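Below, read A as the first sequence line, B as the second, and so on, with proteins coming before strands; counting in each chain starts at 1. None of these values were measured; they are calculated from a predicted model.
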Protein chains: 2
Amino acid sequence: MRARGVNQTGGTTTIIDVAHAAGVSTATVSRVLNGDARVNPALAARVQRAVTKLGYRPSRAARTLRTQQARVWALIIPDVSNPHFTDMVRGIEDVAYSAGYSLILCNTDADAEKERTYLELALAEHVVGVILAPTSPDPSLIEEMLSRKVSIVTVDRRISSGMLDGAFVNNVAGAEQAVDHLLARGYCHLACITGPTDTTTGRDRLDGFMSALRRNGLELDDPAFVRIGDFRESGGQREMEALLSLSVRPDAVLVANNLMTLGALKAIVAAGLEVPSDMAIVGFDDSSWNAVVHPPLTCVAQPAYDLGAESARLLLSRIDGHSGPNREVMLVPTLRIRESTAERSSATHARHTVPGIRPSVDDAGGGNGRGDGKARSPQTGAATVPTPRGATSALQNRTTRSTKGARPTR
Amino acid sequence: MRARGVNQTGGTTTIIDVAHAAGVSTATVSRVLNGDARVNPALAARVQRAVTKLGYRPSRAARTLRTQQARVWALIIPDVSNPHFTDMVRGIEDVAYSAGYSLILCNTDADAEKERTYLELALAEHVVGVILAPTSPDPSLIEEMLSRKVSIVTVDRRISSGMLDGAFVNNVAGAEQAVDHLLARGYCHLACITGPTDTTTGRDRLDGFMSALRRNGLELDDPAFVRIGDFRESGGQREMEALLSLSVRPDAVLVANNLMTLGALKAIVAAGLEVPSDMAIVGFDDSSWNAVVHPPLTCVAQPAYDLGAESARLLLSRIDGHSGPNREVMLVPTLRIRESTAERSSATHARHTVPGIRPSVDDAGGGNGRGDGKARSPQTGAATVPTPRGATSALQNRTTRSTKGARPTR
DNA sequence: TCGATTTGGGAGATCGTTTACAGATCTTCT
DNA sequence: AGAAGATCTGTAAACGATCTCCCAAATCGA
């Protein structure tokens, strides 16, 4: 045995050790490990035996250095503690795991600087793919990625240039649907707490809100009825307090994500007011608590898990060499109606009948209890309404079905 | 210029390019980059200029291969979509980021096989550290880690052998406190929905529950009052349904984590019952929705962010060479009292007065609204009670204070 | 039987760093 | 002035895989 050949204590066992043990060259070991067909089965078996006997584990670093490609994805998202993103992460993790990739978790806090740092890290780590829920990414870094053949897809939020694959939810349609529902339920002084306007989610939800108002022949009662929040609980609370302090208040509000909805709700409770009699609420994101808060919250539910899974599949297909035009998978949100938007009963406001809009949706009430286990996503205690107009579905080659691949354990 | 020296399109710019551009050797460049003091300032400046001009980024893979150490931690947790763990992750991420480490996210679904796979991955990736919230880890892999000088700490859950550094919450004390509170509030037929008994969290919370009963001279009304759940929403719902279907029901229940509490609550609502009049609830984990569900939930709040941050600091110190005896940081949970455990009013059960226990806590009601922003963790609308007996604090060298390092943005 | 073709396997270069070692230069002291 | 340190800087050998060559053996055809 040669000096280096022995699996000496402390030293990692390398491909050389295996080669010696099996009496072959390192090249052969590598071939066996990588499934190169043209190697004698007898030899291959011997190698395999040596591998298991020595407990050999190839060094990822060496492989990465040689192939210039790490079997790793960078996952760059604004907030790991937001359930919307963690559900996405679950979808991504499941797909990545079964395809043999691991994930580097990058939490940007919606901070451009951290985002930049993490993009650079991805480059330095030679990751083979990046999944980005962008805040305000440096275009030059994106370009460098592409020129270096790093696959990159966006998720949840579009990047301004729109030149990447991505998986999104139709936020405009979701917001429009929410507004239609509020109007149908008799609310007519609508406000909106949206997210930062440098995110497409923040913009699109506001756009949908405004366009639905216009389509129904309405105007904003007061410019102050549009509030720009920060997608965080504190922001939702702050903006709701602002709305409540107006001399003439809205009678309903669309809040553009789950955390802000929670904050808004807290502000209302703190002010001693009631939902929906003093203020109706439609939130975005159907978080698990929505059905048991007081009152249960009507919301635009996003298929977050599938959003993640779809983006991961887009990435996989790019990594596997697909080089067609850019693809955008647009998933359809669902309005889940609960009590925070119960029919307006008060006589103070005349019932506002919107021309051309009939209350197309009826509250089918409770039912369908449990269902988080392995099931898809029937949430508890809500009437479910698929988005009516399929409109903006900009995908090509790929349908928006979100069935493929059952979701494990969870 | 030599053939390889030029930053040719497609080729990554390497340390050699920088060396050429700056007119020095690669060794010098490396020294400058790694902050080796003994290099001429003038040269160093030239190198730095070349680095920025060429946009040079060192290859992590090469560095890892050479040093046998990736500046990466593996973060192995059971469930990324559980807010308790994501809050922990936030704490870990913050510490890791500012120390220049990146995280590989490993989601095990409490599945031993996935856990094993990920531990092997950590080994193959040459990660320098592992943070593990264990389910049922393979001891031989742990030992291999240690013998390979990979630092490893546990968090949230203890590993049976107890031979690793770790950060935990005093679950026994938390559960005891919850029971004392329920008894003080007049409930005397107590049940417990705990987690899998192969997790220390599941066991400890049940232990605390039982020991507090005993200490107060009580027995379990019915063996079926102890339910083993799975820490998931569906499990909580299922076990609560089981409790509700008993001929003689408990009048209060301690539920051992946030998701199961949600499930349990849904089961109660679905059965048309009321909290707390039909069934009082104390949960574990103070998730953001606890204050706005109906009714607001009393819970044992865990400092999840700090739990993560502490474990990360333990890991850092090991990586930095600390080699003392094992350290366990034990954090103190806090009982937050809300309406799900309002004073028992019904006359059907005689008011059970527990000897030696006086209702030491008064419901101080609302107040203190917003406070998630950059603030520490004052939660909304709850009376806060620190654990009385500091008991099991097994740490050495290190206090349990959890102040160091302000928590950014969130 | 011999040459041509196929097939399997080994030698060794290579990926981009770090770092032990050896020079080279400059002080400083006797 | 010469020797002995003290400082820097460069040379080149790793680190552990992959993969291109290239050679040896085996197979085949005539």
Distance below 4.0 Å between A/Q68 side-chain N/O and C/dT14 OP1 or OP2: no
Interatomic distance, B/E125 CD vs D/dG16 P [rounded to whole Å]: 15 Å
Value rounded to 0.5 Å, distance of CG in A/L314 from CD in A/E328: 9.5 Å
Separation of D/dA13 P from B/L65 CG (nearest whole Å): 17 Å
Contact under 4.0 Å: A/S30 side-chain N or O vs D/dT18 OP1/OP2: yes
Salt bridge present between A/D111 and A/R116 (N-O < 4.0 angstrom): no
Nearest-Å distance for atom pair CG/C1', residues A/L123 and C/dG16: 15 Å
B/Y101 vs B/I319 side-chain heavy atoms within contact, under 4.5 Å: yes
Closest nucleotide among D/dT9, C/dT17, D/dC19 to the B/T14 side chain: C/dT17
Value in whole Å for how far the P atom of C/dG16 lies from CZ of A/R63: 18 Å
B/R313/B/D320 ion pair, N-O < 4.0 Å: no
Short side-chain N/O contact from B/S59 to OP1 or OP2 of C/dG16, under 4.0 Å: no
Of B/V24 and B/T67, the one whose closest DNA chain D nucleotide lies more 5': B/V24
d(CG, A/N40; P, C/dG9) in whole Å: 5 Å
Interatomic distance, B/Q69 CD vs C/dT17 P [rounded to whole Å]: 18 Å
From D/dG10, D/dT9, D/dA17, nucleotide with atom closest to B/L43 side chain: D/dT9
Point-to-point distance, once rounded to the nearest 0.5 Å, from CG of A/L132 to CG of A/L119: 6.0 Å
Closest listed nucleotide, where the reference is the side chain of A/S25 and the choices are C/dC15, C/dA11, C/dT17: C/dA11
Nearest to side-chain heavy atoms of B/N34, which nucleotide of C/dT18, D/dG16, C/dG9: C/dT18
Interatomic distance, A/L33 CG vs D/dC19 P [rounded to whole Å]: 12 Å
Donor/acceptor link under 3.5 angstrom from A/R66 side chain onto base of C/dT14: yes
Polar pair under 3.5 Å, donor/acceptor by atom type, side chain B/R60, base C/dG16: no
Given DNA chain D, 5'-ward residue of the pair B/G23 and A/Y56, judged by closest heavy atom: B/G23
Test side chain to side chain contact (heavy atoms under 4.5 Å, CB included) applied to B/T117 and A/Y97, step by step: CA-CA 10 Å; B/T117 305; A/Y97 179 82; 3.4 Å; yes
Length of the NE2-P vector between A/H126 and D/dA17, whole Å: 18 Å
Base C/dG10 paired with A/R31 side chain (donor-acceptor, <3.5 Å): yes
Touch class at under 4.0 angstrom, heavy-atom based, for A/T28 against every strand present: sugar-phosphate
